[in-house]
Every structure is written in structure tokens, then in C-alpha cells.
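Just below is one structure, and these are the notes that go with it.
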Amino acid sequence: MMTVTKHVTAMVGNHAVAYAVKQAKPQVLAVFPITPQTTMLEKLAEYIEKGELKAELIKVEGEHSALSAVYGAAVAGARVFTATSSQGLLYMTEMIYWAGGERVPIVNAVATRALAEPWSIWDDHQDFFSKRDASWIMMMAENVQEAYDMTLQAFRISEDKRVLLPVMMGFDGFILTHTMERLEILEDETVNKFLPPREFNLIDFNDPVNVGPIAAPDDYMRIKFETMKAMEGSKEVIEEISKEYEEISGRKQFGLVECYMCDDAEYVFTTVGAWTGDAREAVRRMRSQGKKVGLLKIRVVRPFPRERIKNVLKGVHGVVVFDREYSYGIGGILATEVKATLYNSGIDVYSVIAGIGGKDVRPLHFQKVMEDVLNGYKFDERWLNE
């Protein structure tokens, strides 16, 4: 084990992500302000004004232009970063698909927030999950520390020549963006070794290429097939980079999924994002009562870690999946994907929809649902409206 040098401080989530971005040393940033992401942009601008981050911060008129700007810079070989939330992510949508389809290395931090209509500034995961088919790697943080760690790892993953896909790092609006937590920050020298400058670009002026041309059907199918292989292959890269980051940070990292008290669990919560902490507390309380429950946290939702989920949940009786978003006409998105993964396994999957538009969800809510399941209450889908 290498000697780990780090600094312990406290930061709100937006500032923790901004600090990780500063350490990653992107050359070009384009971020349009939107609640609850705005204070991240302000902190990045402050770093540039003080000379702590030598980067071009492009002032744009909206989120579509923000992603367009960093897309072009990334194609030219720059390390780039952008961030947004909610309606801003929707406004980026056209360029989200361009960046994913072209497999351009980009990191985009998404402070998750409910979508209109009705208008809301509070947290849920609908914005983030709406981009699940856009050829982006998508990961989601549980706490401020993980948001910092994931941001640094996202740059490495995105730029890895075996991957070359943009990465979206989601973290819950207000719940994490504006909450101050203890944070371990790596030394700049350590980050520099973990994340060296980009070694390549797509533009060679001696041998120019056409970026973004129309593709005939045969070429289009081939390109999409290659993207599929890169996405599936990124699972191994994500796990590999996670282990390397564990070495340099001295803190346990979990790659695609994290299990808590799963070894002998008979029933397991499944979550993504900040409310995983509430589910973790519910597990602790129920374990103290002798109930064999556990928690599976899905850290990466694209690529969806099917193999890891099957392995972790092998032998459990049931899985209670909490979704903070909903696909109308089919159900909770995470629950639907877990059901597909566990099809014909004999494991019962219970879908719970909660926390939409910032509706409060506490450990007691998790406990109550699990108690009902343990007492034999059967349901396919349940909304926590009370």
C-alpha cells in the first residue's frame, strides 16, 4: 500500500465537485447557471480569477451552447467540463446525443432536480435518468465525498482509450449540492499522477478528418455496434480505475456497485443517490432487531451492472427497489431494470416510488416498507404519497 497524503476539510457538494474539477485541470469549461448548480459555476469562476485554474471559461447564452462549446474543444484535444440541472439538461439534449454518438470525452456534473411541469426546484432523479439511452456513462454519488471522488474518476474513465465515452456524474440537488460534509481531498501531485494530461486528440492538421458527417446505414450500424462494445467494456475499466483510486486515496472504493450487509441478507434494498444513506440507516436499525436485511447501492447506471447485481443478489428472497423517478406507462426505471436483470431467478422484486419533486423520505419510510414485505405484504408497485 502506497503512502497516502491528503487534506481533511469540509465543503458543500457543489464546491467539492468544483475543487475536483480544478485538480483535474481542464482547459475549457462552459457552464450556464441554473439552480441548484449555480454555486459550482461561481466557485470555478473564482478559481480562474485567482489563477488557481488555468482554463477558458466560455460565457454562453444557454445549456445547448455550453455543451456545444465543450464538445468542439474536446474534439480538438482539450480536457473539458460542464455542469447543469433539470431543464438545463433537457436543453442540452440534442448535443447530449451528439457527444455520446461521437464518443467524445466530456465530464458533465448533473445536480439532479425535478422536471417541469409543475415547476419545481427540488430534488428527484427524473432529469438524470431521462438520458439513459444517450451513450453516456452515468454514475451517481451518495454523499459529498463520493461526488468529489467520482468527478476525478470520471475524467480518467472518459479519456481512457478503451472507453472514449462522455461521463455524466449525478448528485442530488440541495441534498448534496448545498450540504456541507467532511471531505478528504487528495494532494495535487497525487491527482496529477492519477490523471495525466490528455495524450491525444481527433484533429491532425496534417491528416484532417471529418467529424460528425452523415453516415450510410452500414456505417451507422457499425458505429452503434462499436459504441455498444465500448459501453460494455467500460465496466472492466471502471472497476480497474476504482481500485487504483482506492490505492491513492486510502479509502475503500466500490466500482459499479456497493453492498452493505448483503452476505447473509434475505431481503435487500436497492437504491441510487443520496437517499442511500437513509436506506443504510434503516438496515442498521433492522439488523439490531435481528432482521436479515441488506442494501445494494448501484453506483453506475450506465452501463447497467447486470452481472454484478445477479451475483450480489444470488440467494436472497426479495429486493425492494426505491425509485426517485418514474417512466409513465411502465414504472420505476431502476425497478424495471432490476426486474429484467433478475427475470426467472425466483427473486421477488418490489417497486417503490418515492421522493418525487423533493418529497421527504427518511429511514423510517424505508423501514416501514421493508417491515410490510417481511410481514408478507405483496405488491408490484407502491407510491409513498403520505
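Reckoned from all heavy atoms, side chains included, excluding hydrogens, waters and symmetry mates.
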Looking at [X] and [Y], what are the two nearest heavy atoms and their distance?
X	Y	value
Ala282	Gln367	CB-CG, 3.7 Å
Ile333	Asp323	N-OD1, 3.5 Å
Met40	Ala109	CE-CB, 4.1 Å
Arg287	Val293	NE-O, 2.8 Å
Val257	Ile298	CG1-CA, 4.4 Å
Leu186	Ser249	CD2-CA, 3.8 Å

Check: [Y] and [X] side chains under 4.5 Å, non-hydrogen atoms:
X	Y	answer
Thr84	Leu67	no
Phe379	Val373	yes
Ile96	Leu89	yes
Phe128	Met168	yes
Asn108	Met92	yes
Leu41	Phe32	no
Ser351	Asp380	no
Val144	Phe171	no

Donor-acceptor check, side chain of [X] to backbone of [Y], threshold 3.5 angstrom: yes or no?
X	Y	result
Gln126	Tyr326	yes
Lys224	Gly101	no
Asn14	Pro36	yes
Arg113	Ser120	yes
Arg198	Ala78	yes
Arg280	Tyr260	no
Ser158	Leu165	yes
Tyr267	Lys291	no
Arg103	Val163	yes
Thr179	Ile175	yes

Return yes if a side-chain donor-acceptor contact under 3.5 Å exists between [X] and [Y], otherwise no.
X	Y	value
Gln23	Tyr148	yes
Asp123	Thr112	yes
Lys131	Tyr97	no

Please tell me whether [X] and [Y] are part of a single hydrophobic cluster in this structure, the criterion being side-chain heavy atoms less than 4.5 Å apart.
X	Y	value
Leu334	Val369	no
Ile347	Met370	no
Leu296	Val319	yes
Phe322	Val312	no
Val352	Ile356	no

Which word best sums up how the rings of [X] and [Y] line up, parallel for under 30°, tilted for 30 to 60°, or perpendicular for over 60°?
X	Y	answer
Phe366	Phe269	perpendicular
His178	Phe174	tilted
Tyr245	Phe194	perpendicular

Tell me whether [X] at atom [atom1] has more than 12 heavy atoms from other residues, nucleotides or ligands lying less than 6.0 Å away.
X	atom1	result
Met221	CE	no
Glu187	CD	yes
Asp218	CG	no
Asp264	CG	yes
Glu189	CD	no

Quick test of your reading of the model: are [X] and [Y] salt-bridged, counting only N-O distances below 4.0 Å?
X	Y	result
Arg284	Glu281	yes
Glu240	Arg162	yes
Lys243	Glu246	no
Arg156	Asp160	no
Glu226	Lys229	yes
Lys193	Glu244	no

Quick check for you: to the nearest 0.5 Å, what is the distance between [X] atom [atom1] and [Y] atom [atom2]?
X	Y	atom1	atom2	answer
Glu239	Ser234	CD	OG	10.0 Å
Leu115	Glu325	CG	CD	11.0 Å
Ile238	Met150	CD1	CE	9.5 Å

Passing option when Val268 is tested against Leu313, Val283, Val321 for side-chain contact (heavy atoms from CB on, under 4.5 Å): Leu313

Candidate pair Glu337 and Arg302, rule salt bridge (charged side-chain N to carboxylate O under 4.0 Å, His left out), full reasoning: CA-CA 11 Å; Glu337 300 198 339; Arg302 284 295 181 273; 2.6 Å; yes

Output, in order, the C-alpha distance, side-chain angles, deciding distance and verdict of salt bridge (charged side-chain N to carboxylate O under 4.0 Å, His left out) for Glu258 and Arg299. CA-CA 7 Å; Glu258 177 186 350; Arg299 301 179 74 251; 5.1 Å; no

Do Asp149 and Gln145 pass the side-chain hydrogen bond (donor to acceptor under 3.5 Å, both in side chains) test, and can you show the C-alpha distance, the side-chain angles, and the key distance before you say yes or no? CA-CA 6 Å; Asp149 294 339; Gln145 182 68 65; 3.2 Å; yes

